[in-house]
Enquirer: 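One structure is given below, represented as structure tokens, and several questions about it will come after.
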Amino acid sequence: MATFKVVHYINQFYAGIGGEEKADTKPFKEAKVIGPGMAFNKALGEDVEIVGTVVCGDSYFNENMETVLPEVLEMIRSFEPDLVIAGPAFNAGRYGMACGAVTAAVIRELDIPAVTGMYEENPGLDIYKKDAYIVPVGNSAATMRKAVPAMTKLITKLLHNEPVDPVVDGYVVRHRKNFVAEFRGARRAADMLVKKLNNEAFQTEYPMPEFDNVDPSPAIKDLSQTKIALVTSGGIVPKGNPDHIESSSASKYGKYDIDGIDTLAGTNYPDAKAYYETAHGGYDPMYANQDSNRVLPVDVLRDMEASGKIGELHRYFYSTVGNGTSVANAKKYAAAIAKELIADGVQAVILTST
Amino acid sequence: MKLELGKININQVVIGTESKIVDGTLHICDQDIISIVLEDDRIASCHVEIANPGDKTRITPVKDVIEPRCKVDSKGGIFPGVINKMDTVGSGRTHALKGCGIMTVGKIVGFQEGIVDMSGPGAEKTPFSKIINICLVVEPKEGLEPHSYEQAVRFAGLRVADYVGKLGHDVEPDEVMTYETKPLLEQIAEYPELPKVGYVYMLQTQGLLHDTYVYGADAKHIIPTILYPTEIMDGAILSGNCVSACDKNTTYHHLNNPVIEELYAKHGKEINFMGVIITNETVYLADKERSSDWTSKLAEYLGLDGVIITQEGFGNPDTDLIMNCKKIEQKDIKTVIVTDEYAGRDGASQSLADADKLADACVTGGNANEVIELPAMDKLIGQLDYVDVIAGGFDGSLREDGTIEVEIQAITGATNELGFNHMSAKGN
């Protein structure tokens, strides 16, 4: 008997049931190797055995994710595996989503490693890479012969509980983790510079990310007909910071009603109707606390509204703290805010930073 | 310029009625120190507390840490242009009291200062858990404006460090290191076969609690310039900042700049260490452009083959870092950058706010968003009122039992970008 038990997750197509017309196949399990599992079983050697295969149609999985995922996990659990392989999904979007969801859930819920393979543009990659071990593979099943050994290398290490590394073992970086290095940073930098100067190979500790640049929208032709909203990462909040937005690494954003508010008063204003301040810990707060219009210009926009220069100032402003807030969180807040703004008929946004 | 740095190991600090150093024990008279602090009438009160490595002690909010030093048989003094009269430092002899620091503690604006634990998991993250801290716990006069208070506390720490440092003037050091950098043409001629290396030292200069001073000048108003490395060991660069304390350089860090030490260690063997280009991190784009134009111009002018660039802070200064790196690389001068990361609590986000392909050699001090649980301590120096709003804290950070759950960005020096620590981060 083999030392390690593995379960393989695949879709209806690789199970040989059918293509798109069978994508609504409900999940089922079989205590045998099916389809691409044969290649894995062979590549993994005698120590490892695929003891079961769980199959689900791609449409069925994606349309019923909430109910089907626990079901699939239960089927996997019933084989008591040491590791789970999903796919590889190549560039199949829905299959990638299913493989990503299954691998991430297995790691999280069953606390065993799980590996899948995807093409770099598969939408499942970005969504699940944080948790799942995803090996980059080609964009179609024609590259299966290359995908299997690449995934097998990582699978074998994980089964033997050996430490793995995205660069060495060829998988997509899941997340960054702190560790204590042998030498202090300054020594590492000096050593790296000497290698670079001598044209020797060196390894950067942080490969530069690809940036997600946003093209500016075309200019607005007629401001007098435009509903404008104010959004800021400068941390302007009603005095007392009612939502407890953090001074750094904000875990949330706030939405504040400025109906009837003509100015974001700070300590410079005697007898204001309402007072504002900044929750931001990354810049000198004194000037924003004296007069919060300096960060979020409600006063000027009210004047423009009154004189007809702009159509309308949106009733709510949105605020978060940009200081130390991760790009992933910032993107999440922006998407949620944009959705509400569009629903409220806002046509333009003034986004102030600090 | 040649400096002899005499290191006097301090193994114990005792509060008493006399101030002196005897056999590695630093005796300090707290009343003398309090009088020095209260020379500034903006400060209402001060008391002195000692925190030793291994103590179950938490210190917060920490503003600055300063290693006591003094010039020996010199007309000038340390911290020139601020505490002692203006004079070019960096040559002659300096004595440093190793293993201890003057730590200023007190609330300035509430959400910006750091935490130092002397034992437990938090202690592993900060270099200051390994030294004996002479804590000055300071209270301002009522109604004192924050900028003025910040300055009063900063000066108080430096005055005390100067006073304590002078106790080492006549003490025989345990070790003497000699550092020398010659005038440009001589230095080039000394090791003509070795690559010429410089250090681009970025200083945080964004405003209250984000400032750095060079010979007393507010560095936000400087144009990048050149220093001999030894000037920095004599306190030419002083910290005025501690916001998101994990990656801010205290004065202690500046005095003991590890990049300067490591480049000197390779000097004459693998590289020819030519000197330091200091620059700032400003808030206006035009200033950023000017400063990075100048760092690259100076690097070229000095004939450098390579530089290490260190950042201070994160987010907005990431743009300064990348501008410096890019413009210097474009002059065919090789760079290594030292930074830290804000990759989110789960480590899954992009780590920097700016990036460029030319930044292909990067050293990281770790992910500052990583969360740590700091167990309750027996003793508190300072006050805990601000833990929930401190940078790195969040609502509920401070629990009833005294445990604190925070991002490591709240810990003083945790992800230092001079490469002071061993911590790094990697893809997992």
Side-chain angles (χ1 to χ4, degrees), chain A residues 129-131 164-167 173-198 202 204-212 241 244 246-251 279-286 322-331 354, chain B residues 109 111-112 146 195 197 206-208 243-244 258-259 261-263 266 270-271 305-306 308 314-315 334 336 338 341-344 346-351 355-357 359-370 389 391-392 394-395 407 409 418-428:
Chain A
K129 69 175 182 187
K130 180 175 112 185
D131 298 309
V164 293
D165 177 276
V167 179
V173 171
R174 298 156 73 217
H175 47 254
R176 304 280 296 170
K177 200 163 170 49
N178 290 340
F179 74 102
V180 176
E182 185 184 359
F183 298 114
R184 64 177 177 175
R187 165 78 186 272
R188 305 199 304 269
D191 287 346
M192 197 184 288
L193 183 62
V194 168
K195 282 186 180 165
K196 197 171 169 180
L197 284 166
N198 293 338
F202 63 89
T204 183
E205 295 181 5
Y206 181 63
M208 287 294 124
E210 289 291 329
F211 262 77
D212 184 12
N241 189 8
H244 303 282
E246 294 85 347
S247 63
S248 180
S249 191
S251 70
H280 199 292
Y283 66 96
D284 184 344
M286 208 171 96
N323 186 31
T325 298
S326 70
V327 175
N329 275 347
K331 258 177 142 169
T354 47
Chain B
V109 289
F111 42 56
Q112 307 192 318
V197 168
Q206 294 180 308
L208 175 66
V243 181
S244 291
V259 171
E261 288 176 5
E262 296 293 349
L263 291 178
K266 292 187 186 300
E270 295 169 274
I271 59 166
D305 299 304
I308 290 177
F314 60 92
K334 291 182 171 153
V336 171
V338 188
E341 302 179 42
Y342 285 74
D346 59 8
S349 186
Q350 180 179 295
S351 296
D356 193 274
K357 283 197 179 73
D360 64 354
C362 172
V363 166
T364 170
N367 177 17
N369 292 133
E370 200 166 272
V389 291
F394 37 86
D395 203 19
E407 294 183 7
Q409 67 162 305
L418 300 177
F420 204 85
N421 308 328
H422 285 245
M423 193 165 78
S424 176
K426 63 179 171 187
N428 195 25

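Protein chains get the first letters and strands the later ones, always in sequence-line order, with residue 1 at the start of each.
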Enquirer: Restricting to non-hydrogen atoms, name the atom on A:Met208 and the atom on B:Asp356 that form the minimum distance, rounded to 0.1 Å.
Expert: CG-O, 3.2 Å
Enquirer: With respect to chain A, which residue among B:Asp305, B:Val259, B:Ile308 yields the maximal number of heavy-atom pairs within a distance under 4.5 Å?
Expert: B:Ile308
Enquirer: Are there more than 12 heavy atoms of other residues, nucleotides or ligands under 6.0 Å from atom NZ of A:Lys130?
Expert: no
Enquirer: Which one, A:Val194, A:Thr354, A:Val180, leads in non-hydrogen pairs under 4.5 Å with chain B?
Expert: A:Val194
Enquirer: For the atom pair OG1 (A:Thr325) and OH (B:Tyr342), what is the distance rounded to the nearest 0.5 Å?
Expert: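 Reported value, rounded in 0.5 Å steps: 10.5 Å.
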Enquirer: Where does B:Lys426 contact chain A at under 4.5 Å (heavy atoms): side chain, backbone, both or neither?
Expert: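 Backbone plus side chain of B:Lys426, per the 4.5 Å heavy-atom cut-off to chain A.
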Enquirer: Does B:Glu341 have any side-chain hydrogen bond (donor to acceptor under 3.5 Å, both in side chains) partners at least two apart in sequence or in another chain, and if so, which?
Expert: A:Arg176, B:Ser351, B:Thr364
Enquirer: Which bit of A:Met192 comes within less than 4.5 Å of chain B, counting heavy atoms only: side chain, backbone, both or neither?
Expert: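 Contact with chain B involves both backbone and side-chain atoms of A:Met192.
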Enquirer: Name the member of A:Val164, A:Val167, A:Leu193 that forms the most heavy-atom pairs with chain B at distances under 4.5 Å.
Expert: A:Leu193
Enquirer: To the nearest 0.5 Å, what is the distance between CD on B:Glu262 and CG on A:Asp191?
Expert: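 Result: 7.5 Å between the selected atoms.
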Enquirer: What closest approach, in Å, do B:Asp360 and A:Phe202 show between heavy atoms, and which atom pair accounts for it?
Expert: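 Closest approach of B:Asp360 to A:Phe202, heavy atoms only: O-CE1, 3.4 Å.
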Enquirer: Output the option from B:Gly427, B:Ala343, B:Gly207, B:Cys362 having the highest count of non-hydrogen pairs under 4.5 Å with chain A.
Expert: B:Cys362
Enquirer: Against chain A, label B:Leu418 side chain, backbone, both or neither, depending on which of its atoms sit under 4.5 Å from a heavy atom there.
Expert: backbone
Enquirer: Let me know if B:Val338 has heavy atoms under 4.5 Å from chain A in its side chain, its backbone, both or neither.
Expert: side chain
Enquirer: Out of B:Lys334, B:His422, B:Lys357, which one racks up the most heavy-atom pairs below 4.5 Å with chain A?
Expert: B:His422
Enquirer: Please test A:Leu197 against B:Val197 for side-chain contact (heavy atoms from CB on, under 4.5 Å), starting from the C-alpha separation and ending with a verdict.
Expert: CA-CA 9 Å; A:Leu197 284 166; B:Val197 168; 3.6 Å; yes
Enquirer: CG of B:Asp346 to CG of A:Asn329: how many Å apart, nearest 0.5 Å?
Expert: 7.5 Å
Enquirer: I'd like to verify something: which residue of B:Leu263, B:Val363, B:Val336 has the highest number of heavy-atom pairs under 4.5 Å with chain A?
Expert: B:Val363
Enquirer: Counting heavy-atom pairs closer than 4.5 Å to chain A, which one of B:Gly366, B:Gly344, B:Ala361, B:Gly306 comes out on top?
Expert: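 Answer, by heavy-atom pair count under 4.5 Å with chain A: B:Ala361.
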Enquirer: For chain B, which of A:Lys177, A:Lys129, A:Lys195 has the most heavy-atom pairs under 4.5 Å?
Expert: A:Lys177
Enquirer: Which pair of non-hydrogen atoms, one from A:Ala328 and one from B:Ser349, has the smallest distance, and what is that distance?
Expert: N-OG, 2.8 Å
Enquirer: Can you measure from CG (B:Asn428) to CZ (A:Arg174) and round to the nearest 0.5 angstrom?
Expert: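 The distance works out to 5.5 Å.
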Enquirer: With a 4.5 angstrom heavy-atom cut-off, is it the side chain or the backbone of B:Asn369 that approaches chain A, or both, or neither?
Expert: side chain
Enquirer: When you compare the side chains of B:Gln409 and A:Ser248, does any donor N or O come within less than 3.5 Å of an acceptor on the partner?
Expert: yes
Enquirer: Would you check if the side chain of A:Asn178 reaches a backbone N or O of B:Asn367 as a donor-acceptor pair within less than 3.5 Å?
Expert: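 Yes.
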Enquirer: State the CD-NZ distance between B:Gln350 and A:Lys331, to the nearest 0.5 angstrom.
Expert: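 Between atom CD of B:Gln350 and atom NZ of A:Lys331 there are 7.5 Å.
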